[in-house]
Chemist: 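Okay, handing you the structure first.
Naming convention: chains lettered A, B, ... in sequence-line order (proteins, then strands); numbering from 1 in each chain. Values below: every heavy atom of this structure, side chains too, minus hydrogens, waters and symmetry copies.
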Amino acid sequence: MSAYKSDFLNILAERGFIHQVSEPDALDALAVKGPVTGYIGFDCTASSLHVGSLLPIMMLYWMQQSGHRPIALMGGGTTRVGDPSGKDESRRILTDEMINQNLAGIRTIFTKFLKFGSGPRDALMANNADWLNTLNYIDFLRDVGRHFSVNRMLSFDSVKLRLDRQQELSFLEFNYMVLQAYDFVELHKRTGCVLQMGGSDQWGNIVNGIELGRRMANAQLFALTSPLITTSSGAKMGKTAAGAIWLNAAMVRPYDYWQYWRNTEDGDVVRFLKLFTILPLSEIARLGALKGAEINEAKKVLATEATALVHGRDAAHEAAKTADTTFKQGGMGADLPTLQVKVGDGILEANTKLGFTASNSQARQQVTQGAVYLGETKITDPAYRLRAEDFDKDGRALLKFGNKKRAILQLASG
RNA sequence: GGGAGAGUGUCCCGAGCGGCAAAGGGGGCGGACUGUAAAUCCGCUGGCUAUGCCUUCGUAGGUUCGAGUCCUACCUCUCCCA
């Protein structure tokens with residue numbers, strides 16, 4: 001199975017990161033010879049990255065671990081244009097302030113996975129706004145644009161899809177692939193970067209860069225894409241009803257992040273352990289051999305390891321502990337969300353304020369259906385009001401909503 | 001520029017003779033079963049101080065006791081002709 005000679009490609013292959021590689025043998029040989037510089041571009045469309053972006057981040061991580069130099073490229077310039085790949089509709093145009101704000105939020109995430117610096121194996125952070133924003137249109141057309149064939153561009157999936165469905169593709173978006181290709185060549189010039197990685201939907205864009213590099217700089221560049229990760233039941237990663245699973249602790253609390261991974265489907269556990277934790281493969285194989293209910297142990301490991309990478313080991317253990325006291329012992333873990341209440345407050349309002357339900361009407365329906373427990377007592381009366389005896393000596397009560405949602409009601413003192 | 005069609009429940013898709021809080025899916029949430037899994041079955045899926053009241057069908061007007069439904073204008077998208 002280990003068809004490669006380099007650690008870099010072997011690790012990626014064994015852990016399931018590789019979908020397609022251009023000229024794998026040549027890249028492999030290069031990686032054996034010495035440090036390779038490679039990059040992945042990240043959009044600045046939101047103020048944090050979410051679980052969907054974790055995969056490319058992990059590729060950069062392994063790249064550095066196997067002795068190479070990763071570059072995290074912030075798309076400060078390309079986000080102003082908007083990537084049409086895989087999108088049904090035009091992306092709305094973001095203001096420059098928003099982009100810069102988003103960029104700042106995204107930046108911090110990388111410091112948890114990569115060691116930055118100026119040494120030969122230290123990671124670099126770049127921003128394509130640095131070179132794209134100052135481009136001169138005519139010069140750019142003459143230097144770069146002449147290498148692109150519109151006939152060919154029209155044949156790319158990202159473009160064809162839009163045209164076939166007769167959905168508008170603006171000239172602005174049409175240029176995205178040209179800019180991304182130019183990024184690759186520019187990074188090659190600046191840092192000697194020879195590899196661009198990304199999701200499988202980026203293949204066309206990356207190959208464009210490779211060709212542009214050959215024409216403009218006579219360089220041999222490489223592409224490596226990762227498979228699109230969906231759960232066993234076909235859903236895209238990182239989205240729940242509550243919204244995307246962000247990596248920023250302020251947007252998704254570590255406890256919720258832990259829970260996200262804890263609730264992984266059986267069929268995904270091994271795959272996710274390989275992709276989203278840095279546990280050795282032997283350990284993953286051991287966990288993968290667990291059967292039936294024992295798989296829950298593997299899921300806990302997955303949750304804790306994945307959380308530790310993003311939020312640190314302490315936060316991960318805290319989340320694991322809270323989950324244990326809450327679900328195993330029916331107690332109140334420290335990490336649970338807490339709501340200040342008074343005696344006489346309605347049960348519906350409590351659920352809505354905690355975000356368990358979107359409105360009191362919805363809360364009413366769910367209470368009627370038996371979804372809500374106060375401690376061990378099922379509450380089925382929508383008009384129920386909190387009573388003093390519902391709380392323990394410390395003025396706390398455990399509110400359960402459904403199977404998984406838990407919160408602490410804290411009686412206001414005084 | 002001319003002709004034809006479309007826009008529906010703030011997640012999506014989609015039915016809707018003038019009586020409509022509006023069929024049916026998907027998704028989501030909840031219940032049962034389990035292992036905080038999947039599959040399956042069942043319930044819910046506009047809001048509220050709730051046997052009632054308020055707000056929803058691209059936007060703004062109009063006809064009508066009553067409009068998602070009919071008329072007018074406008075916006076957006078698609079198709080055909082120029």
Chemist: Over all strands shown, is A:Lys400 touching base, sugar-phosphate only, or nothing at heavy-atom distances under 4.0 angstrom?
Modeler: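 No contact at all - A:Lys400 keeps every heavy atom at 4.0 Å or more from the nucleic acid.
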Chemist: If you take any heavy atom closer than 4.0 Å to RNA chain B, which residues from residues 249-258 of chain A end up in contact?
Modeler: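 Output list: A:Trp258.
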Chemist: Among residues 353-374 of chain A, which contact RNA chain B at a heavy-atom distance under 4.0 Å?
Modeler: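 RNA chain B contact set from residues 353-374 of chain A: A:Ser359, A:Asn360, A:Ser361, A:Arg364, A:Gln365, A:Gln366, A:Gln369, A:Gly370, A:Ala371.
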Chemist: Can you tell if the side chain of A:Ile40 reaches within under 4.5 Å of the side chain of A:Gln202, non-hydrogen atoms only?
Modeler: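 No, side chains not in contact.
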Chemist: Go through the side-chain N and O atoms of A:Gln180 and A:Asn208 and say whether any donor and acceptor fall under 3.5 Å apart.
Modeler: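 Absent: no donor and acceptor within the cut-off.
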Chemist: Expressed as a whole number of Å, how far does the P atom of B:A60 sit from that of B:C53?
Modeler: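 The answer is 25 Å between these two P atoms.
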Chemist: Show your reasoning for whether side chain to side chain donor-acceptor pair (under 3.5 Å) applies to A:Thr352 and A:Asn360.
Modeler: CA-CA 6 Å; A:Thr352 304; A:Asn360 287 349; 2.9 Å; yes
Chemist: Do A:Leu302 and A:Trp258 have side chains that approach each other closer than 4.5 Å (heavy atoms only, starting at C-beta)?
Modeler: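 No, too far: nothing below the 4.5 Å cut-off.
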Chemist: Would you state whether a donor and an acceptor, one from the side chain of A:Asn403 and one from the base of B:G31, lie under 3.5 Å apart?
Modeler: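 Looking at the base of B:G31, it does not pair with any donor or acceptor on the side chain of A:Asn403 (distance under 3.5 Å).
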Chemist: Among A:Tyr39, A:Phe42, A:Tyr61, which residue meets the ring-ring contact (aromatic ring centres under 6.0 Å, His included) test with A:Phe110?
Modeler: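 Only one option passes, and that is A:Phe42.
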Chemist: Which part of the nucleic acid does A:Gly267 contact within heavy-atom distance under 4.0 Å: base, sugar-phosphate only, or nothing?
Modeler: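 A:Gly267: no heavy atom of the nucleic acid under 4.0 Å.
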Chemist: Taking 4.0 angstrom as the limit, do A:Lys321 and A:Asp324 come out as a salt bridge?
Modeler: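 Judged by the 4.0 Å cut-off on N to carboxylate O distance, A:Lys321 and A:Asp324 do not form a salt bridge.
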Chemist: Is there a Watson-Crick or G-U wobble partner for B:A50 with both distances under 3.5 Å, and if so, which one is it?
Modeler: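 When the pairing criteria are applied, nothing turns out to pair with B:A50, so the answer is none.
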Chemist: Any strand counts, and the cut-off is 3.5 Å on both contacts for Watson-Crick or G-U wobble. Which nucleotide pairs with B:G68?
Modeler: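 Checking every strand shown, B:G68 finds no partner, since no pair has both distances under 3.5 Å.
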Chemist: To the nearest angstrom, how far is A:Asp268 atom CG from B:A37 atom C1'?
Modeler: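 Those two atoms, CG and C1', are 10 Å apart.
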Chemist: Quick one: on RNA chain B, does A:Lys378 or A:Ala293 contact a more 5' nucleotide (nearest heavy atom)?
Modeler: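 Its nearest nucleotide being more 5', the pick is A:Lys378.
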Chemist: Please produce a list of atom pairs where a protein N or O lies less than 3.5 Å from an N or O of nucleotides 53-56 of chain B.
Modeler:
none

Chemist: Give a yes or no on whether a salt bridge exists between A:Arg80 and A:Asp96, defined as a side-chain N under 4.0 angstrom from a carboxylate O.
Modeler: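 The answer is yes: the pair qualifies as a salt bridge.
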Chemist: At under 4.0 Å between heavy atoms, what does A:Glu294 touch on the DNA or RNA strands: base, sugar-phosphate, or nothing?
Modeler: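 No contact.
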Chemist: Could you state the CD1-P distance from A:Ile295 to B:U34, rounded to the nearest angstrom?
Modeler: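 Value for this atom pair: 18 Å.
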Chemist: If the P atom of B:U78 is compared with that of B:G18, how far apart are they to the nearest Å?
Modeler: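 Approximately 30 Å lies between the P atom of B:U78 and that of B:G18.
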Chemist: Of the options B:G35, B:U36, B:A38, whose atoms approach the side-chain atoms of A:Glu265 most closely?
Modeler: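 Taking heavy atoms from C-beta onward, the closest nucleotide is B:A38.
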Chemist: Which of residues 334-344 of chain A have a heavy atom under 4.0 Å from RNA chain B?
Modeler: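 Close to the strand, none.
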Chemist: Can you find a heavy atom in the side chain of A:Gln259 that is under 4.5 Å from one in the side chain of A:Phe327?
Modeler: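 The answer is yes, as the side chains (C-beta and beyond) meet within the 4.5 Å cut-off.
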Chemist: Taking atom C1' in both B:A21 and B:G47, compute the distance separating them and give it to the nearest angstrom.
Modeler: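 Looking at atom C1' only, B:A21 and B:G47 are 11 Å apart.
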Chemist: In residues 296-326 of chain A, which ones come under 4.0 Å of RNA chain B, going by heavy atoms?
Modeler: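 Correct list: A:Asn296, A:Lys299, A:Ala323.
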Chemist: Paired with B:U78 by Watson-Crick or G-U wobble geometry, both distances under 3.5 Å: which nucleotide is it?
Modeler: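 Pairing partner: B:A4.
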Chemist: Go through A:Asp28 and A:Ser6 one step at a time and tell me if the side chain to side chain donor-acceptor pair (under 3.5 Å) criterion holds.
Modeler: CA-CA 6 Å; A:Asp28 195 32; A:Ser6 64; 2.6 Å; yes
Chemist: Roughly how many Å apart are B:U55 and B:U10, using the C1' atom of each and rounding to a whole number?
Modeler: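 About 13 Å, rounded to a whole number of Å.
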Chemist: If the P atom of B:A22 is compared with that of B:C44, how far apart are they to the nearest Å?
Modeler: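 Comparing P positions in B:A22 and B:C44 gives a spacing of 13 Å.
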Chemist: Write down the distance separating the C1' atoms in B:C70 and B:U64, rounded off to the nearest Å.
Modeler: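 That atom pair is separated by 10 Å.
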Chemist: Both distances below 3.5 Å, Watson-Crick or wobble geometry, any strand: find the nucleotide opposite B:C44.
Modeler: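 B:G28 is the nucleotide pairing with B:C44.
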Chemist: Extract from the structure each pairing of a protein N or O with an N or O of nucleotides 25-27 of chain B at less than 3.5 Å, listing the distance.
Modeler:
none

Chemist: Do A:Met125 and A:Ile71 come within less than 4.5 Å of each other through their side chains, counting heavy atoms only?
Modeler: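 No, too far: nothing below the 4.5 Å cut-off.
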